[in-house]
Amino acid sequence: MKVFVIAGEPSGDKLGAAVMAGLTELAPGVQFSGVGGEAMQAEGLISLFPMADLSVMGFAEVLPRIRLLRQRIAQTAAAIAAQKPDLVLTIDSPDFCLRVLRIARKARPALPVVHYVAPSVWAWRPGRAARMAPLVDHVLALLPFEPPYMQAAGMSCDFVGHPVIAEVRASEGEVAALRDRFRGRIVLALPGSRRGEIARHGPRFGAALAQALPEGAQVLVPSVTSQAEVMRAEVARWPLRAHVLIDPAQKRAAFAAAEVALAASGTVSLELAANDTPMIIAYDLNPLTRFLAQRLIRLDTVTLVNLVSETRAIPEFLGHDCVPDKIGPALKTLIDSAQARAAQRQAMQQTMLRLGLKGEAPGLRAARSVLGFMALRAGGNPAPAI
């Protein structure tokens, strides 16, 4: 089986690598091509172009890169047409992926398509599922409440578990080594993995941490390799000392050892929850993007721990509230209050169970769903829920 895979973000690269590994295990001999990052390339993918070309978020942020993105859309669609894969697997990045699929489906209307990560229609732009349905046959959902939304739009959909439950946790030795190096109470700062997020959140996080931290606290800043120098330059301007970590073992240990974290909104909230690390979430957008998002978002929280646990345990400071004078006091309260940290941990544990903590690894479950979809499609039947 030939599978053309497209991922456009670091989180999608991780998902892609896991499902590629699952497909290789369940269907030996499967061949991959497409677009991906370091993790997918480690599973054997030769990417058409650097995945970083697609790692852009927000209305205003996309505008300067429209020409390059259009070139990449055309290039990717042409590769699908030339390679004639048995299946196209798109992973998140819907704005890019759906544009590619429109071109690919014109040339080959019966092309089987699976999309990994259901669009957050429960949060904003509910019409996205209906617009996706003519281009996508089957959806792999990360959250347990998402399949009905996709099925209502005409696509089959399986909840396959969230990848956070399968991520490698730090060993006792890794944690001990980190504590030997960084003595004192450990606080994580996670301003984001994109250049724009680092620029927007970095100065605010540094100022908030300076307000909140007790004497002797150690600030650790895990970073993706591609943004490490940008992160180091930002952290060097903070009014306190902080240490950027890029080694995977050290990053794992930092999540496990941290007492609390200040983090940008996103999947990182689930990574913190998986490590029982209480958190404050803060996030802002480019002013134009923020203006539009405020009119589109339909929820009172954007933090996944809050949504999955059906609580509002994790404090958020979004948009105009993402300022040091609001973030700092909340972070100090969390550091000082064992009761506040315990309340968060209850919600985090509930979240992990609902995301499939005690089930099969999500990558393998996703691969089973893909193969089930392909087998049933060959027989003319829709894919069943798993």
Side-chain angles (χ1 to χ4, degrees), residues 164-165 167 169-191 204-222 238 240-243 245 250-283 300-318 321-355 357:
V164 72
I165 65 173
E167 289 190 354
R169 303 285 181 263
S171 68
E172 291 183 7
E174 288 171 339
V175 174
L178 186 86
R179 290 193 183 280
D180 283 343
R181 180 181 174 191
F182 301 106
R183 297 184 180 274
R185 301 172 75 177
I186 294 174
V187 175
L188 292 189
L190 297 147
R204 306 180 209 190
F205 278 31
L209 288 160
Q211 292 181 26
L213 294 192
E215 187 71 25
Q218 297 278 0
V219 179
L220 306 184
V221 189
W238 287 5
L240 76 169
R241 189 179 181 191
H243 309 272
L245 306 180
Q250 288 189 348
K251 289 194 288 185
R252 285 195 301 270
F255 272 79
E259 188 170 327
V260 300
L262 171 58
S265 176
T267 306
V268 72
S269 71
L270 296 181
E271 295 177 41
L272 292 167
N275 285 278
D276 270 346
T277 303
M279 69 195 86
I280 299 292
I281 296 296
Y283 200 88
D300 65 339
T301 180
V302 299
T303 301
L304 289 170
V305 175
N306 287 342
L307 290 166
V308 176
S309 67
E310 298 180 274
T311 70
R312 296 299 179 263
I314 309 301
E316 297 175 328
F317 296 89
L318 310 176
D321 290 329
C322 182
V323 293
D325 288 345
K326 293 186 177 182
I327 300 167
L331 182 60
K332 187 175 189 309
T333 297
L334 188 62
I335 291 171
D336 292 344
S337 172
Q339 184 178 2
R341 296 195 299 274
Q344 284 203 18
R345 288 191 174 105
Q346 280 190 321
M348 292 189 287
Q349 290 161 9
Q350 182 65 37
T351 297
M352 290 301 105
L353 288 172
R354 291 183 177 180
L355 292 179
L357 180 61

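No hydrogens, no waters, no symmetry mates; every other heavy atom, side chains included, goes into these values. Heads up: numbering here begins at 1 and tracks the sequence.
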Side-chain contact test, heavy atoms from C-beta onward, threshold under 4.5 Å: evaluate it for Glu167 versus Arg169 and give yes or no.
yes
Would Leu220 and Phe255 satisfy side chain to side chain contact (heavy atoms under 4.5 Å, CB included), going step by step from the backbone distance to the final call?
CA-CA 9 Å; Leu220 306 184; Phe255 272 79; over 6 Å; no
Between Leu331 and Val260, is there a side-chain heavy-atom distance shorter than 4.5 Å?
yes
Search all heavy atoms of Ala210 against all heavy atoms of Leu240 and return the closest pair with its distance.
N-CD1, 4.3 Å
Residues Leu334, Gln344; criterion side chain to side chain contact (heavy atoms under 4.5 Å, CB included); working and verdict:
CA-CA 10 Å; Leu334 188 62; Gln344 284 203 18; 3.6 Å; yes
Would Gln350 and Glu310 count as a side chain to side chain contact (heavy atoms under 4.5 Å, CB included) if you check the C-alpha gap in whole Å, the side-chain angles of each, and the deciding distance to 0.1 Å?
CA-CA 9 Å; Gln350 182 65 37; Glu310 298 180 274; over 6 Å; no
Working to the nearest 0.5 Å, report the span between OG1 of Thr351 and CG of Leu304.
9.0 Å
What residues, two or more places apart in sequence or in another chain, satisfy side chain to side chain contact (heavy atoms under 4.5 Å, CB included) together with Ala217?
Leu213, Pro214
Does Thr303 reach the main-chain N or O of Asn306 with its side chain, forming a donor-acceptor pair under 3.5 Å?
no
Do the side-chain N and O atoms of Ser265 and Glu316 include a donor-acceptor pair separated by under 3.5 angstrom?
no
So, for Ala208 and Pro324, which heavy atoms are closest and what is the spacing to 0.1 Å?
N-CB, 3.9 Å
As an exercise, state the distance from CD1 of Ile186 to CZ of Arg181, rounded to the nearest 0.5 Å.
10.5 Å
Provide the closest heavy-atom pair for Ala264 versus Tyr283 in the form atom of the first, atom of the second, distance.
CB-CD1, 3.7 Å
Can you measure from CG (Leu188) to CG (Leu262) and round to the nearest 0.5 angstrom?
10.0 Å
Side-chain heavy atoms of Gln346 within contact of Thr311, under 4.5 Å:
no
Chi angles and distances behind the side chain to side chain contact (heavy atoms under 4.5 Å, CB included) call for Phe205, Val221
CA-CA 11 Å; Phe205 278 31; Val221 189; over 6 Å; no
Please confirm whether the backbone N or O of Ala282 pairs with a side-chain atom of Arg204, one donor and one acceptor, at under 3.5 Å?
no
If we only count heavy atoms from C-beta on, is the Pro278 to Arg345 side-chain gap below 4.5 Å?
yes
For the CG atom of Leu355 and the CG atom of Leu357, what is their distance to the nearest 0.5 Å?
9.0 Å
NZ on Lys326 to CD1 on Ile280, rounded to 0.5 Å:
14.0 Å
What side-chain hydrogen bond (donor to acceptor under 3.5 Å, both in side chains) pairs are there with at least one residue in residues 269-278, not counting sequence neighbours?
none
Closer than 3.5 angstrom, by distance alone: can the side chain of Arg179 be matched with the main-chain N or O of Ala257 as a donor-acceptor pair?
yes
Note: Met352 and Leu270 closest approach over all heavy atoms is CE-O, 3.8 Å
Do His243 and Gln218 come within less than 4.5 Å of each other through their side chains, counting heavy atoms only?
yes
Could you tell me whether the side chain of Arg341 reaches within less than 4.5 Å of the side chain of Glu259, counting heavy atoms only?
yes
Distance check, rounded to the nearest 0.5 Å: Met279 atom CE versus Leu272 atom CG?
4.5 Å
Quick one, Glu174 and Leu178 - any side-chain contact, counting heavy atoms below 4.5 Å?
no
Restricting to non-hydrogen atoms, name the atom on Leu245 and the atom on Ala254 that form the minimum distance, rounded to 0.1 Å.
CD1-CB, 3.8 Å
Nearest heavy-atom contact between Asp321 and Ile327 is O-CG1, 4.4 Å
